[in-house]
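Letters A, B, ... mirror the listed sequences (proteins, then strands); counts begin at 1. All values below were derived from every heavy atom in this structure, side-chain atoms included, with hydrogens, water molecules and symmetry-related copies excluded.
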Number of protein chains: 2
Amino acid sequence: MATGRNHRPATRSRGIPEATVARLPLYLRALTALSERSVPTVSSEELAAAAGVNSAKLRKDFSYLGSYGTRGVGYDVEYLVYQISRELGLTQDWPVAIVGIGNLGAALANYGGFASRGFRVAALIDADPAMAGTPVAGIPVQHADDLDRIISENGVSIGVITTPPGAAQQVCDRLVAAGVTSILNFAPTVLSVPDGVDVRKVDLSIELQILAFHEQRKAGEEAASADSGPDPAAPPVRAATSSRKGPDGDMPAVMPA
Amino acid sequence: MATGRNHRPATRSRGIPEATVARLPLYLRALTALSERSVPTVSSEELAAAAGVNSAKLRKDFSYLGSYGTRGVGYDVEYLVYQISRELGLTQDWPVAIVGIGNLGAALANYGGFASRGFRVAALIDADPAMAGTPVAGIPVQHADDLDRIISENGVSIGVITTPPGAAQQVCDRLVAAGVTSILNFAPTVLSVPDGVDVRKVDLSIELQILAFHEQRKAGEEAASADSGPDPAAPPVRAATSSRKGPDGDMPAVMPA
DNA sequence: ACTTGTGAAGTCTTTCACAGCC
DNA sequence: GGCTGTGAAAGACTTCACAAGT
């Protein structure tokens with residue numbers, strides 16, 4: 001796992017499954033909406049619907065946190081909001097630094113969802129000297145030369161990388177050296193980090209490619225009869241006679257030079 | 001053999017596991033980089049390292065596509081690039097429409113990774129009449145009133161939603177009505193769509209919250225040298241005052257009225 | 001000698017279904 | 001009547017380890 005994943009082996013620490021952790025924010029959002037409408041309690045069925053999951057899964061998820069519901073009644077909204085927030089660490093303030101203030105970096109700096117929940121954009125950093133001082137979302141951009149100082153002065157432990165791919169690894173190294181231990185990476189690169197540093201990746205083009213895969217399936221199914229396939233751009237050629245065995249779409253065999 | 005029949009694996013992706021599909025773009029990116037450096041062949045070990053996964057997983061993934069390697073040698077880079085591209089449906093052109101041209105929408109419109117592989121930003125749509133006609137990333141923004149026409153005229157089947165959350169479901173409905181069958185949703189909302197429509201979600205604040213969870217745990221580990229509590233599992237301590245039995249941190253202030 | 005491809009084993013996640021409580 | 005909490009079963013995914021091929 002070159003992505004610097006944090007593997008916590010056998011020793012059963014009080015482990016909440018990763019899949020559950022990934023859904024807690026979803027529940028929290030749904031609960032917050034209910035809270036704003038002053039709904040006092042909610043059943044697993046209702047909450048699950050609002051969060052877009054099924055209710056058995058939700059109940060199982062909550063069971064890892066403790067017994068926070070009341071049989072026959074449901075869950076107390078405010079109480080759950082607090083418990084999940086605490087579990088996620090959102091009862092404290094997390095200063096975040098965004099590195100790479102291009103289109104995407106600026107969009108993130110302006111994104112309301114950040115500030116709304118424990119996260120505070122503490123610094124914007126860019127390598128372009130021309131940007132230094134320019135305020136983006138009301139926060140002045142600082143130069144990358146000062147990255148170290150900025151990170152430690154602000155006590156930043158979560159960094160967001162929105163640089164071009166070529167710069168991402170280097171920025172990552174510097175962030176880690178300065179004390180950052182969690183990174184959200186928007187650059188389409190595989191980052192390598194030392195043990196103990198978490199990386200999460202958001203990759204727009206990967207998401208689109210996954211959609212395209214399913215989209216293609218749908219189209220193929222529809223016209224399952226004819227239409228053997230539009231001849232795409234020059235397919236590479238494969239060598240010699242041999243044991244190719246693609247599941248269906250085998251192709252004219254040719255080999256690259 | 002297994003006891004059960006093969007039921008639909010939720011997202012029917014005939015044969016190829018969803019987890020594998022999600023990694024194909026990663027492999028493709030690594031392969032493209034190799035291709036650009038004119039590397040002719042690559043072993044599962046090398047390619048796995050470049051993609052940030054382990055080699056057994058990669059080989060298993062490829063085995064779902066067919067036997068595209070050569071034992072004792074490795075994989076032919078160009079050939080694999082083609083096969084994966086075809087599998088993902090990237091040998092054809094996918095016109096994409098982005099709805100909601102705020103900061104994020106504009107960032108996406110400018111994002112090079114889109115165009116680079118089969119995806120073409122065919123239309124930008126926004127509800128603000130003041131934006132109509134303004135070019136963003138060289139493409140004029142069109143008004144949401146014409147959404148229907150724009151989608152069908154351009155043959156768009158993939159839509160990207162970057163509107164504020166309040167507008168997302170409505171936009172989604174209109175996209176679906178106009179013929180879109182795959183949606184990439186950046187709005188922090190659970191979209192409901194009819195069967196046959198795929199939705200993928202990218203949620204920035206969720207990613208941050210997951211990082212915060214792990215970050216918090218790291219901090220706690222450091223400090224609490226002694227194990228966090230007497231008993232991590234749930235012992236039948238349910239007596240005492242009331243029936244709450246959270247793992248450790250019991251309530252502070254935020255209880256309901 | 002070297003690397004792929006894959007059954008089998010292991011682990012993680014989801015779902016079922018019902019006991020227990022309101 | 002209601003609903004939660006949870007063992008147990010089912011299923012999906014990963015990893016192991018080695019036979020088979022070049």
Side-chain angles (χ1 to χ4, degrees), chain A residues 1 3 5 7-12 15-24 27 41-49 51-76 79-80 83 239-247, chain B residues 1-13 15-23 27 41-49 51-76 79-80 83 233-236 238-239 242-247:
Chain A
M1 48 197 51
T3 333
R5 285 272 331 157
H7 223 202
R8 198 128 314 240
T11 324
R12 67 136 100 217
I16 299 179
E18 197 49 40
T20 295
V21 172
R23 280 186 296 264
L24 292 180
Y27 302 144
T41 62
V42 67
S43 71
S44 63
E45 202 68 57
E46 295 166 320
L47 183 52
V53 304
N54 90 21
S55 66
K57 183 146 58 181
L58 177 144
R59 288 199 303 279
K60 187 61 126 184
D61 283 342
F62 285 0
S63 81
Y64 294 116
L65 308 183
S67 291
Y68 293 149
T70 308
R71 291 168 204 247
V73 177
Y75 300 92
D76 181 291
Y79 187 69
L80 248 194
Q83 289 297 348
T241 61
S242 63
S243 47
R244 284 296 151 199
K245 77 158 193 237
Chain B
M1 286 294 192
T3 17
R5 272 5 147 44
N6 219 350
H7 284 285
R8 257 149 254 177
T11 320
R12 56 160 134 188
S13 38
I16 303 180
E18 196 51 38
T20 294
V21 172
R23 280 186 296 267
Y27 302 144
T41 63
V42 66
S43 70
S44 63
E45 202 68 58
E46 296 165 320
L47 183 53
V53 304
N54 92 21
S55 66
K57 183 147 57 182
L58 177 144
R59 288 199 303 278
K60 188 61 122 185
D61 284 342
F62 285 180
S63 80
Y64 294 115
L65 308 184
S67 292
Y68 293 151
T70 308
R71 291 170 204 244
V73 177
Y75 299 92
D76 181 290
Y79 187 71
L80 249 193
Q83 289 296 349
R238 54 162 84 172
S242 96
S243 48
R244 296 291 183 202
K245 83 165 190 234

Starting at [atom1] of [X] and ending at [atom2] of [N], how long is that distance when rounded to a whole Å?
{"X": "B/E46", "N": "C/dC2", "atom1": "CD", "atom2": "P", "answer": "13 Å"}
{"X": "B/L65", "N": "C/dG5", "atom1": "CG", "atom2": "P", "answer": "10 Å"}
{"X": "A/F62", "N": "C/dT14", "atom1": "CZ", "atom2": "P", "answer": "14 Å"}
{"X": "A/Y64", "N": "D/dT4", "atom1": "OH", "atom2": "P", "answer": "17 Å"}
{"X": "A/E45", "N": "D/dG2", "atom1": "CD", "atom2": "P", "answer": "12 Å"}
{"X": "B/E18", "N": "D/dA12", "atom1": "CD", "atom2": "C1'", "answer": "12 Å"}
{"X": "A/L47", "N": "D/dC3", "atom1": "CG", "atom2": "P", "answer": "14 Å"}
{"X": "B/L58", "N": "D/dT15", "atom1": "CG", "atom2": "P", "answer": "12 Å"}

Distance, nearest 0.5 Å, that separates OG1 of A/T41 from CG of A/L80: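 Reported to 0.5 Å precision, the distance equals 11.0 Å.
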Does OP1 or OP2 of D/dT4 have a side-chain N or O of A/S44 closer than 4.0 Å? yes
Pull out every protein N or O sitting under 3.5 Å from an N or O of nucleotides 15-19 of chain C, one pair per line with the distance.
unit_1	atom_1	unit_2	atom_2	d
C/dT15	OP2	A/N54	ND2	3.0

Pair A/Y27, A/V53 - check side chain to side chain contact (heavy atoms under 4.5 Å, CB included), show working. CA-CA 9 Å; A/Y27 302 144; A/V53 304; 3.8 Å; yes
Sequence-distant partners of [X], side chain to side chain contact (heavy atoms under 4.5 Å, CB included), two or more places apart:
{"X": "B/A22", "result": "A/I210"}
{"X": "A/A49", "result": "none"}
{"X": "B/S55", "result": "B/S44, B/E45, B/A48, B/R59"}

Between A/P17 and B/G72, whichever has its closest DNA chain C nucleotide further toward 5' is B/G72
For A/Y75, enumerate each residue passing the ring pair (Phe, Tyr, Trp, His ring centres under 6.0 Å) test, keeping only those at least two apart in sequence or located in another chain. A/F62
Minimum-distance nucleotide to B/T70 side chain [options: D/dT22, D/dC13, C/dG5]: D/dT22
DNA chain D nearest-nucleotide lookup for A/D61 and A/V73: closer to the 5′ end is A/V73
What's B/Y75 touching, base or sugar-phosphate or nothing? Going by heavy atoms closer than 4.0 Å. sugar-phosphate
Any residue meeting side-chain hydrogen bond (donor to acceptor under 3.5 Å, both in side chains) with A/S43, in chain and number order, not counting sequence neighbours: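 A/S43: side-chain hydrogen bond (donor to acceptor under 3.5 Å, both in side chains) contacts with A/E46.
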